[in-house]
Amino acid sequence: MKKKQSQIILSKYSPLMAVDAELFTQDGNKLPTPRVFSLCRCGASNNKPFCDGMHATIRFSGERKPNKALHKKPQEYKGSKVTVHDKRALCCHHGTCNLIGVFTHEKPWIKPDNAERTEDVVEIVKKCPTGALTATIDNKEIKNWFEQQKIIIQKNGPYYIQGGVKLIDDQATDTVLVTEDHYALCRCGASNIKPLCDGTHTSINFKDEK
Ligand code: FES
């Protein structure tokens with residue numbers, strides 16, 4: 001049986017409306033949800049992760065400024081077998097790109113051929129929650145990283161979206177995803193690249209509990 005396409009729908013001033021989607025805690029526990037439910041993205045709900053209407057009270061706006069960096073092509077770091085593509089503007093500084101000798105602090109920032117095994121590079125790229133990192137092996141782009149469509153709530157952080165959940169956004173021209181397979185959506189309301197997370201939740205010390 002063909003699986004249902006999960007969707008997340010949003011407008012400039014709205015929360016995230018999830019349709020036919022499954023919601024998980026970061027520990028992998030599935031939360032009971034109806035077919036359609038609203039998730040907070042202003043950061044002010046008293047019933048997080050769900051929306052309680054606070055976005056209207058605080059006059060939340062998801063409007064964003066044009067961001068040229070988001071429209072730049074990802075930087076390419078070629079290896080003999082695997083090439084890593086890096087769209088730095090999408091990075092939320094989660095810190096998962098950690099493989100000694102491969103992800104470095106000097107140019108070129110990524111050196112795929114320093115890995116012992118190609119799989120190690122691919123595994124790290126898969127862990128990049130925003131999709132800022134992607135990879136091609138033997139010139140074939142890896143497109144389907146996650147099988148199951150999921151919304152994962154990162155404690156004190158964003159929503160990690162996996163498995164190709166469709167994002168329907170009324171400002172879509174400024175929402176640039178490298179891959180629709182997985183991406184991170186802002187939950188604190190303070191990102192500069194809304195609806196995507198840019199890591200600002202850390203600097204504002206966003207907390208689930210008040
Ligand atoms: S959750 Fe808002 S910037 Fe990450």
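For ligands, and for the atoms within them, numbers begin at 1 and follow the listed sequence. Because only heavy atoms are used, hydrogens play no part in the values below, and waters and symmetry mates are left out as well, while side chains stay in.
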Engineer: Under a 3.5 Å cutoff, is there a donor and acceptor pairing between the side chains of T200 and D198?
Structural biologist: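 Looking only at side-chain atoms, D198 and T200 do form a donor-acceptor pair, the distance falling under 3.5 Å.
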Engineer: Determine whether a donor-acceptor pair (N or O, by modelled atom type, separation under 3.5 Å) exists between the side chain of R41 and the backbone of S14.
Structural biologist: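 Pair found, side chain donor or acceptor close to backbone of S14.
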Engineer: Of all the atoms in ligand 1, which lie at a distance below 4.0 Å from a heavy atom belonging to P158?
Structural biologist: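 Selected atoms, number and element: 1 (S).
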Engineer: Report, in ascending order of atom number, the atoms of ligand 1 lying under 4.0 Å from any heavy atom of D198.
Structural biologist: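 Counting from 1, the qualifying ligand atoms are 3 (S).
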Engineer: Answer yes or no for C188: is there an N/O/S atom below the 2.8 Å cut-off from atom 2 (Fe) of ligand 1?
Structural biologist: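 Coordinating: yes.
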Engineer: Any N/O/S of H201 under 2.8 Å from atom 2 (Fe) of ligand 1?
Structural biologist: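 Coordinating: no.
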Engineer: State whether a side-chain donor-acceptor pair under 3.5 Å links H93 with T202.
Structural biologist: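 Absent: no donor and acceptor within the cut-off.
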Engineer: If you measure only the distance, is there a donor-acceptor pair under 3.5 Å linking the side chains of K111 and T104?
Structural biologist: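 Yes.
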Engineer: If you measure from each heavy atom of C92 to ligand 1, is any distance below 4.0 Å?
Structural biologist: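 C92 does not count as a contact of ligand 1 under the 4.0 Å cut-off.
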Engineer: Does K81 pair with D113 as a salt bridge, N-O distance under 4.0 Å?
Structural biologist: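 Here K81 does not pair with D113 in a salt bridge, since their nearest N and O are not under 4.0 Å apart.
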Engineer: So, do Y159 and L39 sit near enough that their side-chain heavy atoms are less than 4.5 Å apart?
Structural biologist: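 Yes, their side chains come closer than 4.5 Å.
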Engineer: Could you check atom 1 (S) of ligand 1 against the protein and tell me its nearest heavy-atom contact, residue, atom and distance included?
Structural biologist: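 I find the closest protein heavy atom is R187 N, 3.2 Å.
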Engineer: Quick check on contacts: which atoms of ligand 1 are under 4.0 angstrom from a heavy atom of S191?
Structural biologist: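 By the 4.0 Å cutoff, the relevant atoms are 3 (S).
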